[in-house]
Protein chains: 2
Amino acid sequence: MKLSQGVEWALHCAVTLAEADAGDLASRRTLAGYYDLPEAYLAKHLKSLVRAGVLIASPGPRGGFRLARAPEQITVLDVVEAIEGTTPSFVCTEIRQRGACAVPPERCTAPCPVAQIMLDADRAWRDSLRAVTLADISGRLSEPTRARAKAWLADPSTPPPPVS
Amino acid sequence: MKLSQGVEWALHCAVTLAEADAGDLASRRTLAGYYDLPEAYLAKHLKSLVRAGVLIASPGPRGGFRLARAPEQITVLDVVEAIEGTTPSFVCTEIRQRGACAVPPERCTAPCPVAQIMLDADRAWRDSLRAVTLADISGRLSEPTRARAKAWLADPSTPPPPVS
DNA sequence: GCATAGATACTCGGATAGCAACTGTCCGAGTCCTCGGGG
DNA sequence: CCCCGAGGACTCGGACAGTTGCTATCCGAGTATCTATGC
């Protein structure tokens, strides 16, 4: 039960892209420089986000990534599932149907109680992530942070001065 | 985000042990035979349960495992954390303090919003698992299943006849 | 001055090594039961 | 018949390989821009 490190990167990059003006693109170099992340590896996760329909990529110079939808319509769960996959964390292998006291399949109409509880917990986890959007996170950021992000995305060549 | 397979084994074994009479022990061979699991590998997980204080092991012939507390006082979370560990699924590496737009540490008094949301979801997941005890699961089992479990634990040499 | 063709530089995408963690297994330490011998 | 002691068998516990998936990286395909040339 350990989440991939790429989840943190993907979430922060998605929030950063939510600060960009509509239509503006941010290349993976720009995003990697924003957080000082290895560019090649970050690209792998950005690609997963594109494949999941969270981001849209444009090739060529002046190309880059942008959100596929408005920040209000992208949930944290969308980003997490893009990296980690949509398969539930718990998979029931029906061991109750094996061994000396195996329950015959015709008696297994109801789902295994153990699996039921684990899936309920998994659902609670996903519901909690689904309730928060990128716009919500953006709203929790301080105004200077948002301003600096916007400035960096507009012109990555000149880093904004550190906050005093 | 994938739970270890041992979680399923540990949960089922714990539920099975909850059916045993107080004071009765079940060896790992007995438990492995119950679900037709590899005995040596199951032992690894049972050992984790002992280390976490969920089970108590007794050596020697007629030895084995028993619950450390009453089934009503052992939550599913206790078993899951015994296998998976207690560290949260999401670890914040504070990447907001790195890179071109690094936020200075003195401005990071509030926790990172991204980490906050991920930890909230992790808490929801754990709360969901903490709300269910082994006794609850035991109550959801059918009466024939409970009876067969009890009979097998009392005498593993003669498997109970299959339910008609 | 303008249009066009070519070269260029920058972007994303897939395919390729390296390492950690889960999976699976074995053997040793300790304990209780059993069996044999002696009283 | 009862007590004692040695042996054996069964238990758990820690230490040791194998495999899958995350970590990290590189190079190729494609495109918009820039430049130089011709009109």
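None of these values were measured; they are calculated from a predicted model. All values below come from the heavy atoms of this structure, side chains included, with hydrogens, waters and symmetry mates left out. To find a chain, count down the sequence lines: A is the first, B the second, and so on, and within it residues start at 1.
- The span of DNA chain D lying next to chain A, judged by atoms under 4.0 Å from heavy atoms, is bounded 5' to 3' by dT23(D) to dA32(D).
- Here the side chain of Trp125(A) pairs no donor or acceptor atom with the backbone of Arg123(B) at under 3.5 angstrom.
- Taking a cutoff of 4.0 Å between a charged side-chain nitrogen and a carboxylate oxygen, Arg130(A) and Asp78(A) do not qualify as a salt bridge.
- Summarising the local packing, CZ of Arg29(A) is surrounded by 12 or fewer heavy atoms from other residues, nucleotides or ligands at distances under 6.0 Å.
- Under the 4.0 Å criterion applied to side-chain N and carboxylate O atoms, Glu19(B) and Arg146(B) are assigned as salt-bridge partners.
- Side-chain contact of Ser89(A) with Asp122(A): a donor-acceptor pair under 3.5 Å is present, judged by distance alone.
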So which protein N/O to nucleotides 29-34 of chain C N/O distances come out below 3.5 Å?
none

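- Of the N and O atoms on the side chains of Thr93(A) and Glu8(B), at least one donor lies less than 3.5 Å from an acceptor on the other residue.
- Looking at Lys2(A) and Glu84(B), no side-chain N of the basic residue comes within less than 4.0 Å of a carboxylate O on the acidic one, giving no salt bridge.
- Without hydrogens or angle criteria, Asp136(B) side chain to Thr133(B) main chain gives a donor-acceptor distance under 3.5 Å.
- The backbone N or O of Val103(A) sits nowhere less than 3.5 Å from a side-chain atom of Arg96(A) that would complete a donor-acceptor pair.
- When each of Asp24(A), Leu67(A), Leu25(A), Leu46(A) is tested with Leu17(A) by the rule side chain to side chain contact (heavy atoms under 4.5 Å, CB included), just one qualifies, namely Leu67(A).
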Every protein N/O within reach of nucleotides 17-27 of chain C N/O, cut-off under 3.5 Å:
from	atom 1	to	atom 2	distance (Å)
dT23(C)	OP1	Gln5(B)	N	3.1
dT23(C)	OP2	Ser4(B)	OG	2.6
dT23(C)	OP2	Tyr41(B)	OH	3.0
dT23(C)	O5'	Tyr41(B)	OH	3.1
dG24(C)	O6	Lys44(B)	NZ	3.3

